[in-house]
Amino acid sequence: MVQDGDYVAVFNSIHRVMKAEKILKQKKLAIMLIPVPRALQSDCGLAIRYDSALRNEVERVLAEEGFLPAELYVKQHGEYVKVTT
Amino acid sequence: MKTIDCRNMACPQPVVLVKRALEENPGESLTVLVDSGAPRENVTRFATNRGFLVAETPMGVGFSLVVSGKAGSIEIAETVAPGAKGKTVMLVGSDRLGDGPEELGRLLMKNFMITLLDINELPDSIFFINTGVLLTTEGSEIAEVLEKLENMGCEILSCGVCLDFFHRKDKLAAGSVTNMFTIAEGMLKAQSVIRL
């Protein structure tokens, strides 16, 4: 589900991640709600995946609405690398 | 040795035909002619995941794959009683998982199907009935996921009556259409039925 170069935004609450999904879908952004990959730990178990080309737009919208994720990762060579924002 | 020609076939048809041929002729080797790219990769992955050996030879157009059983796998096939083939089928009777808020149920179902992609033990078939067919048709967020599952050897079958009821007969986005006979027989013959 997650390809190299994709971003995975992890939220710390199911309500936050569902709200974030709704906000991004209203903006017609091609994101997908996915189970948090096994390699990552999360209390909530859900994450939002998006393509690197959408990164700026997705993060701008989430910041505007006050729904920035708890943690952000990018998949590189099959590994999840934490992105510090 | 039986040969099946899967060239010029769209995915997941090659995997479906290979699966059927291996089940119908247990213990026999099989030659499969495939196009390069996705069909070649999907058939090879499907067979090796199930413990078969795959030897490939490039041809003028595409590849020839010889799929043969590992020592031991033939014995296992023979010791299974007729009728109890050890199949696992899953029955998806709704587009939601569990009782409770609709939104949460839909999210959990989507999540469950995506998670199956990371699990080695897949059901042999998944039957989608009632609102379950909303998952296999246009507009479903997991059509792509179901297509991947089918490429991994898991049959994705939607109830024809249900597709008709929801006016989605010509909107199938993953798997194929089936009827109640196949669904009932599939469940009765299976070793285990998982109802979602």
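Chain naming here is simple, since letters A, B, ... match the order of the sequence lines and numbering starts at 1 in each.
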Do you know which two heavy atoms are closest between [X] and [Y], and how far apart they sit?
| X | Y | answer |
| --- | --- | --- |
| B/K2 | B/A21 | NZ-CB, 4.4 Å |
| A/L40 | A/V8 | CD1-CG1, 4.3 Å |
| B/L135 | B/S140 | O-OG, 2.6 Å |
| B/G69 | B/F52 | CA-CD2, 3.7 Å |

With the threshold set at 4.0 Å, does a side-chain nitrogen-carboxylate oxygen contact exist between [X] and [Y]?
| X | Y | result |
| --- | --- | --- |
| B/K148 | B/E144 | yes |
| A/K22 | B/E103 | yes |
| A/K75 | A/E79 | no |
| B/R40 | B/D35 | no |
| B/K110 | A/E21 | yes |
| B/E23 | B/R20 | no |

Pull out the residues in residues 114-131 of chain B that come under 4.5 Å of chain A, heavy atom to heavy atom, sorted by number.
->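 The list, in residue order, reads B/I114, B/T115, B/L117, B/D118, B/I119.
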
Residue by residue, scan residues 152-174 of chain B and write down, ordered by number, those that have a heavy-atom distance under 4.5 Å to chain A; if none do, write 'none'.
->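 Expected list: none.
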
Which members of residues 28-35 of chain A, sorted by number, sit under 4.5 angstrom from chain B on a heavy-atom basis?
->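 Hits under 4.5 Å: A/M32, A/L33, A/I34, A/P35.
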
Between A/R16 (side chain) and A/L68 (backbone), is there a donor-acceptor pair under 3.5 Å?
->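 At least one qualifying donor-acceptor pair exists.
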
Among the listed options B/N111, B/I142, B/L107, B/L104, the residue most often paired with chain A at heavy-atom distances under 4.5 Å |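 Result: the option with the highest number of such pairs is B/N111.
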
Taking only residues two or more places apart in sequence, or in another chain, which ones meet B/T88 in a side-chain hydrogen bond (donor to acceptor under 3.5 Å, both in side chains)?
->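 side-chain hydrogen bond (donor to acceptor under 3.5 Å, both in side chains) check on B/T88 returns B/S192.
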
Do the side-chain N and O atoms of A/E59 and A/Y50 include a donor-acceptor pair separated by under 3.5 angstrom?
->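 Note: A/E59 and A/Y50 side chains meet the donor-acceptor criterion.
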
